[in-house]
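What follows is a short report on a single structure.
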Amino acid sequence: MKHYLKTLEETIRQQWDQKALCDYEGESFTYADVARGIEEFRIFLNEAGITKRSKIAICARNCARWATTFWDINVNECVAVPLLADFHPNSISTFTNHSDSVLLFTDKEIWEKLNPGQMPNLRAAINVKDAKMLWHRDEKVAEAWEKREEAFALHHPTGLSREKLSYPSDNWDKLAIINYTSGTTGNPKGVMLTYGAISDTDEFSNSHFPNQPGETIVSMLPMAHMYGLAIEFIHPNVDGVTVYFLGKTPSPSTLLKAMQEVKPYMVVTVPLVMEKVYANSIKPALDKMKWLTALPQARKAIYKIVRKKVLAAFGGQVRGFIMGGAALKPEVEDCFTKIRLPYTVGYGMTEACPLLGWEWCTEFVPGSCGKPVHDLRICSDDPRNIPGEIQVRGANITIGYYKNPEANAAAFTDDGWFRTGDLGLMDERNNIFIRGRIKSMILNSSGQNIYPEELEAVLSGCPYVNESLVVERKGKLVALIYAEIPDDLDANTRSGIPEIIRTTANKSLPVYSKIHEVELVAEPFEKTPKMSIKRYLYQ
């Protein structure tokens, strides 16, 4: 296995003047700029007295400078602590303090909401956007930061030589990242990932969805989450792919405009984005030609035209759409399969850096989430028919949770397998099928296991349903629905929508899991960065 930092080192030498990291319609940095930043940061750390393995937090919106800051920290063997900019200020302070971070890279707006008194280990806060010092309690750090360019000039009077670059590769088992999860089941935990885990993910990615120097990708997922960090940034960038950052969540028109201009080789996203593309573009087009698609001789040609239009809308160079974080609606997946869109739905979690299941689009089985990346077992007497907990092991798996022995004890089996907390099946070809979370499974009065996610898949195909969540109340199954209701619908029909949804869903559900009541909610459900609904908020 090759160390990803050695790949980065080689890429910087070979792609010295090529763009590495760019803000869409903003500033850009070449690989030479990245190399200079890494070396300048190394000198700063030495002058400031900050040693290897020190923790350094990053909490800001995606941007090219966020990415250069990560490389500064990571290559110099400090521990990066990416924090979501959407975290509550109290959470940001708590995680910065819990991680023992000595520096915090953030922005002015976020910093103004934080209390330095809650972060006693913090020595300074620096603005990601303009590299200005926001606050400090350590004069040595402040002085070293202010004079870092002068110090770089003294160390490299003739400039940085690409031939002399040498990035570390003897740190396989050393801590590289502490990633505080924002899961669907409650309080986040600090997941510890090593340089070896990142290298393993990069190697797997190269062997299953390789890229080429000079290609481009649009980053739209939060880099404070491992899905975006590893698959949209680290894996492409170390191989010479230019990464364009959209910053804040874009509107559909802005996203497609960026795709048209950047022409990415791959689109990494969550199902919600592609479901919107389906609802706004693909479905209306197919509905207009429904009578033609009923004709076998015309169907294939129409599907081909639709597929070409979708690929063209994303710049025309996309070899594959990778979706993860949640299941794809059955209706949407059925359509993508029919038009032969090159898509796949993967399975992962922060603790796996992040890949657990994957299969390329040509071999992908609809409804599954790929085949195991490494060792995976289903704890069930009949793994093909009776769901059991999915347990995994491999070089990409976390070494544990930072300063959390209770969580560590609960996370691993006695024989060393990591407990995912997910329930699933695996067919004879090793395709993985997720059935739900152990904590969300409902045991009814007759002893029948009910998986809310399966009911929600049925509900997603019902009229007016935009989002759904099934909960248990007093022994009854209640479907919470965020509905999509046309403005011109009369009052009488509106009042009957819950019953329409309930009746439609129950036609496809067995007796023991029929919906007792449908309750409409006024706002979309609160979600994690992966766009999974935070179930624990609605129990």
Side-chain angles (χ1 to χ4, degrees), residues 3-6 8-9 12 21 34-60 65-83 92 95-106 119-128 131 133-138 140-148 151-152 155 165-180 190-199 202 223-224 226 229-230 233-234 237-238 350 353 398-403:
H3 200 296
Y4 70 99
L5 290 185
K6 281 302 175 186
L8 177 64
E9 177 189 311
I12 288 176
L21 302 162
V34 171
R36 177 189 167 110
I38 291 168
E39 175 63 7
E40 193 175 273
F41 199 76
R42 182 191 68 80
I43 295 168
F44 155 72
L45 292 173
N46 289 339
E47 296 292 328
I50 297 173
T51 59
K52 290 181 181 180
R53 318 296 171 215
S54 295
K55 284 71 174 183
I56 300 176
I58 316 174
C59 184
R65 287 182 181 267
W66 193 111
T68 61
T69 300
F70 176 85
W71 283 135
D72 293 347
I73 297 166
N74 185 247
V75 176
N76 285 297
E77 297 187 275
C78 288
V79 179
V81 184
L83 300 175
I92 295 171
F95 300 148
T96 300
N97 183 58
H98 181 266
S99 65
D100 302 310
S101 291
V102 296
L103 296 177
L104 170 61
F105 285 85
T106 185
M119 301 173 281
N121 293 314
L122 198 65
R123 295 165 67 177
I126 299 162
N127 196 330
V128 167
M133 186 75 66
L134 291 167
W135 168 93
H136 70 274
R137 62 161 53 99
D138 188 321
K140 185 177 181 181
V141 170
E143 184 177 359
W145 184 255
E146 294 302 325
K147 295 182 177 179
R148 67 193 186 284
F152 175 88
H155 281 78
L165 292 180
S166 181
Y167 295 157
S169 59
D170 59 348
N171 51 14
W172 296 93
D173 61 345
K174 296 296 189 295
L175 184 58
I177 296 172
I178 299 175
N179 196 198
Y180 284 86
V191 178
M192 297 189 288
L193 298 167
T194 64
Y195 285 90
I198 302 170
S199 296
D202 184 53
M223 285 198 295
M226 282 308 302
L229 185 66
F233 165 44
I234 294 177
N237 201 223
V238 299
T350 304
C353 194
T398 179
I399 56 174
Y401 300 102
Y402 190 61
K403 297 195 303 189

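Residue numbers run from 1 in the order of the sequence given.
Put simply, the side chain of Ser54 never gets that close to the backbone of Cys78: no donor and acceptor are under 3.5 Å apart.
Nearest approach of Ile38 to Asn76, heavy atoms of both residues: O-ND2, 3.0 Å. Nearest heavy-atom pair, Ser99 versus Lys55, reported as atom, atom and distance to 0.1 Å: O-CG, 3.1 Å. Ile43 approaches Ala151 most closely through the heavy-atom pair CG2-CB, 3.7 Å. Across every non-hydrogen atom of Leu83 and Ala57, the tightest pair is CD1-CB, 4.2 Å.
The CG atom of Leu229 sits 5.0 Å away from the CD1 atom of Ile177 when rounded to the nearest 0.5 Å. The distance from atom NZ of Lys52 to atom CZ of Arg42, rounded to the nearest 0.5 Å, is 9.5 Å. Between atom CG of residue Leu45 and atom CD1 of residue Ile50 there is a gap of 5.5 Å, rounded to the nearest 0.5 Å.
Contact annotation: the side chain of Val141 approaches that of Leu103 to within less than 4.5 Å [non-hydrogen atoms, C-beta and beyond]. The closest side-chain heavy-atom distance from Thr398 to Asn179 is not below 4.5 Å. Asp202 has its side chain out of reach of Ile198: every pair of non-hydrogen atoms, C-beta onward, lies at least 4.5 Å apart.
For Arg137, the salt bridge (Lys or Arg N to Asp or Glu O under 4.0 Å) test picks out no residue, with sequence neighbours left out. Applying the side-chain hydrogen bond (donor to acceptor under 3.5 Å, both in side chains) test to Asp138 and every residue at least two apart in sequence or in another chain returns Arg123. Scored by the side chain to side chain contact (heavy atoms under 4.5 Å, CB included) test, Ala224 finds Pro82, Leu84 as partners (sequence neighbours excluded). Residues forming a side-chain hydrogen bond (donor to acceptor under 3.5 Å, both in side chains) with Asp100 (at least two apart in sequence, or on another chain): Asn121, Tyr402, Lys403. Residues forming a salt bridge (Lys or Arg N to Asp or Glu O under 4.0 Å) with Glu146 (at least two apart in sequence, or on another chain): none.
The aromatic rings of Trp66 and Phe70 lie parallel to each other, with less than 30° between the two planes, well short of the 60° mark. The aromatic rings of Tyr180 and Phe95 sit parallel to each other, their planes meeting at less than 30°, with 60° as the upper class boundary.
A salt bridge does not link Arg36 to Glu39: none of the charged side-chain nitrogens sits closer than 4.0 Å to a carboxylate oxygen.
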Contacts under 3.5 angstrom, residues 165-175 side chains, donor-acceptor by atom type, not counting sequence neighbours:
| unit_1 | atom_1 | unit_2 | atom_2 | d |
| --- | --- | --- | --- | --- |
| Asn171 | OD1 | His3 | NE2 | 2.6 |
| Asn171 | ND2 | Glu77 | OE2 | 3.0 |
| Trp172 | NE1 | Ser169 | O | 3.1 |

